[in-house]
Amino acid sequence: MSEPKSDSTNPSAKPTYKDSLHLPKTAFAMKANLIQAEPQSMKRWEDSHLFGRLQVAREAAEPFVFHDGPPYANGPIHMGHMLNKVLKDFVVRGALMEGRRVRFVPGWDTHGLPIEHKVMTELHEKGKTAKLDTLAPEQRHMAIRRECAAAATKFIGLQAEQMKRLLTIADYADPYYTLMPGYESKTLEVFADLVDQGVVVRALKPVHWSIANKTALAEAELEYEDREDLSVYVDFEAADRAKVAAAFGLITESPAEVAAADTDAEVDESRFLDVTPSFMIWTTTPWTLPANLAIAVHERFRYALVEIDGNTTIMASELVEKVAKKAGAEKVLVRAETDGAKLVGLAYRHPFCAREGRIVAADYVTLEDGTGLVHTAPGHGADDYRTGLREGLPAYCPVREDGTYDDSVPEWLRGKSIWTANAEVAEHLRASGHLFYDHKFMHSYPHDWRSKTPVIFRATEQWFIGVDVPVKRDGKTLRARALEAVEKEVAFTPEWGRNRMRGMLESRPDWCISRQRSWGLPIPAFRGADGKTFLTSASVRAIAKRFAEKGSDAWFTESPAELLAHYDVAGDPHAPAGFDITALVKLHDIFDVWFEAGSSWNSVLRARNIGYPSELYLEGSDQHRGWFQLSLLPALGATGIAPYKRLVTHGFIVDKEGRKMSKSIGNTIDVEALLKEFGADVCRWWVAGTDYENDIRADLEFFKVAGESYRKVRNTIRYLLSNLDGFDASETDSILEGIADTSLEAWVLAQVAGVEEVVRRAIVACSFREAQQAIYTLCNETLSSVYCAATKDRLYCDPARSVRRRRAQAAMYRTADALCRMLAPFLPHTADEAFRALTRDETACVHLERHRTLVQPCHPRWTEVLALREVVHAALERAKASGIENPLDAGVMLPEAHHHLQPFVEDLPDIFGVSRVVMAADQSAIEIVDLRGEPRCERSWKRDGSVRQRSDGGLLSDRDAEAVGVA
RNA sequence: GCGCUAGUAGCUCAGCUGGCUAGAGCACACCCCUGAUAAGGGUGAGGUCGAAGGUUCGAGUCCUUUCUGGCGCACCA
């Protein structure tokens, strides 16, 4: 302890006591300087092999299985990635602080159209596609795949760095990519399991088809351009006049016949239908008419039986006038009307194919164009296809891949190109009297982005996972099992996700898992000499083995015999009779990327022996249809068990006004820039404070607010640390052992213990915001405003080794320690920085620690003391009117009603922030006493009643005199 | 168009199964401290709970309609 300083040049000057105080002192800076300091933390963790050390240290600990959903590797990370990865990191670090063994493997989705499209666009721009087209198909695939792999790898590298910069902890040394041979192999195993279960089926489905390139196209590869086409209004003759008449409330017996049968009957001539009416459809693609299998109506629309220029036909009532006007009809007579629902089930004759079709219902029928009756060709349209599925119609497609008709159409069309067929079909219909009206018109039509030629919808053979096919395991369908799992086996955060997913599962169609592209995992199917497709679970497993060794590129570079090196025909009960490996031809479909991502539970969790299933999957709410659902289906099929126990979803980042972020609006926030301006810990603190279950509004302003909040927490920790200068941490336990429950330390530690419990529970529940608020309130109120303010006097002024002072230090040590641990999941850098300052050990790392469970009882009347503090503050505020502006100029007289707080009386002045507190016997209300007339201690600035002139000439209270060592 | 979801002080959010004068933090205003100082403390003013109906003794909380966002799906034959 230093002696009070006397000014030697001026002996008459009063002593100053500042240097005798134990003022806060710490190297832990007020300014965080995150931008420079965080990379240093990253380096320190990396150099000390933190992730590896944790794996070793937790080897025997209870595992926490958590699986990373793979982001798509086609650009730098955006706000959504930041949100997702940081939330996941809270989960990971939260579990680590609970002492669990966590092996979190980051992953990337690397295949798929967006990358391929991007690569193709670049090749196109560089003029390299022409050269590409000269290559043999397999070489061409390989050339594209090499480019795609390079692009994916590049972005993985970029994203990984950005994710690390967010201070996330994961096995970055050994991540998973869907293009890794081991991953691909494990994906094929899932596929083989599904084949075993009998849910993999092959069926026709219409896709966008480029005739010029003889290939299927994705939506992203279409360009819409105006094109002149022939639109036709066609009459499809009803098959049964009587049934149609009945639907319209008409009769088909002539009035004469009726009169003859029943002389009393009065017959209304107008109810007599003496011709067979037609159903009039409209189409802009006459070439699809040979594939017509049905006509769709809307059940709730009204339909009219109408005579137009002598032609009796049926169309939507609302459109009669429009159609008549368009065709220039002169005589229009509506004979009768009926509901669309009444028409459903009626049959009609195809105008030039020898078959009948049916009227079906569809709610996509509109009254904007056409006739209200929609020509339906399930092999040539997405809607038509779905309607066909529902009605049990085949996806009939008589068009070959070169755009010509096959032999199933009438002879006059066979082998013709569909484009020339347009006019011929119209002429044929005109000749046979089925064409009501035709005209040329311009409309926007999809074109192949590369060849600039118009595309068509064409049904092709595709691979499906049937969701309504019973699996061999238990005879339940995937849909039924998935619904069951969603209902009973999976927890949802937020709870409404359950509803949402149920709805999606109920309505989802079979899963089409094949794509006609280059960049992906090949579906290992062959065509045999007999023309049949060869694919059995054993053959798939054999190829899986081959891919594990060679990667899936082998599909394009090896022969069937090489690919099937591990295949044992004799051991495959499903092998086709007369199997001839030399006659096999490879097919070139690839898997839907969702199938690969949806198999990650196998390729990562099971393949790496991490555990199965995952405790939770945590992704954006769009994944209810995506990854969540498409992981659930394969997992249920292959294992019967859902791949996750719980689904946690977050919303999307939107701008300040609640609108979605998009580059075109220009309201995006750049993650790199954000990190550069605020640092990762502040960004993470922002994430921790979001209400992530819904849309999350983001704006630079909000990060400033988060920064303020962060600074408050940081500064509180700093203050705790600054009072621990010279404190021997090893004394903490002995100092605090058995402290009175009425002591300030009992109170503050009880608060810390309570917050710790809340924080731990909240993190487990993924209620990060709740945890953050508890921590913030602890720092802002419990500590900064109450405890630190109350103990300031004793820490600064008490003798250094006073019991009271050291007790406060011990409490602060324990509090700072607990805070570091509570903050570790949220602020990895700051918590670690503080922890090293606290332990005064540069090699210490809070991330190797785990929570300590604090137990500290405190007196039940503390709540009353704190409430009284509020009342006294209010009274002090009122007393300002009488000139008592500084609380240390005031004393407090407590009335009878508060006398039971006697056990706390020693600490009450500090708790209230006043100089003295008196329990007054004759008092009815709290009274603020003006102490300005009393001497003020020159060291502690308190007027506690013991202040008098001391031997050194200074005015000191008893306590301060003792501390300074004067009498 | 359909499914899910949200709309509470200037901002970010609490408000469980309906029940005292609707809460918190930030920001704001005023004040104190200047020995946590590009810190700290105190007090205070802010809301017809998106809108309109309805159920109820009583609704931010339940029902209906509607407006404005978000996510997903479908759609223009």
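Treat the numbers as computed from the prediction; the structure is a model and nothing was measured. Just so we're on the same page: letters track the sequence lines, and every chain starts at 1.
Sorted by first and then second residue, the pairs that involve residues 683-698 of chain A and meet salt bridge (Lys or Arg N to Asp or Glu O under 4.0 Å), not counting sequence neighbours, are A/Asp89-A/Arg684. The salt bridge (Lys or Arg N to Asp or Glu O under 4.0 Å) pairs that include a residue from residues 370-381 of chain A number zero, where partners must be two or more places apart or lie in different chains. Among residue pairs with one or both ends in residues 493-507 of chain A, those qualifying as side-chain hydrogen bond (donor to acceptor under 3.5 Å, both in side chains) are A/Glu487-A/Arg502, A/Thr493-A/Arg646, A/Glu495-A/Arg498, A/Asn499-A/Arg502; sequence neighbours excluded.
Listed by chain and number, the residues in a salt bridge (charged side-chain N to carboxylate O under 4.0 Å, His left out) with A/Glu781 amount to none (sequence neighbours excluded). Residues satisfying the side-chain hydrogen bond (donor to acceptor under 3.5 Å, both in side chains) test with A/Thr815, not counting sequence neighbours, are none. Listed by chain and residue number, A/Trp627 satisfy the side-chain hydrogen bond (donor to acceptor under 3.5 Å, both in side chains) test with A/Ser631 (two or more places apart in sequence, or in another chain). For the side-chain hydrogen bond (donor to acceptor under 3.5 Å, both in side chains) test, residues two or more places apart in sequence or in another chain that qualify with A/Arg711 are A/Glu708. Partners of A/Trp594 according to the side-chain hydrogen bond (donor to acceptor under 3.5 Å, both in side chains) rule, which considers only residues two or more places apart in sequence or in another chain, do not exist here. For A/Glu870, there are no salt bridge (charged side-chain N to carboxylate O under 4.0 Å, His left out) partners, not counting sequence neighbours.
Below the 3.5 angstrom threshold, one finds a donor paired with an acceptor across the side chain of A/Ser784 and the base of B/A36.
When Watson-Crick and G-U wobble pairs are counted only if both distances are under 3.5 Å, B/C71 pairs with B/G3.
Only A/Asp691, A/Asn694, A/Asp695, A/Arg697, A/Phe702, listed by number, bring a heavy atom of residues 691-702 of chain A to less than 4.0 angstrom from any atom of RNA chain B. Residues from residues 713-725 of chain A lying near RNA chain B, meaning a heavy-atom separation below 4.0 Å, are A/Asn715, A/Arg718, A/Tyr719 in numerical order.
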Nucleotide N/O to protein N/O under 3.5 Å, stretch nucleotides 1-3 of chain B:
unit_1	atom_1	unit_2	atom_2	d
B/G3	N2	A/Arg500	NH2	3.3

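Here B/G46 is in the syn range [glycosidic angle within 90° of 0].
Protein atom CG of A/Leu795 is 17 Å distant from nucleotide atom P of B/G40, rounded to whole Å.
Counting all heavy atoms, side chain and backbone alike, A/Gln772 lies closest to A/Trp685 at NE2-O, 2.8 Å.
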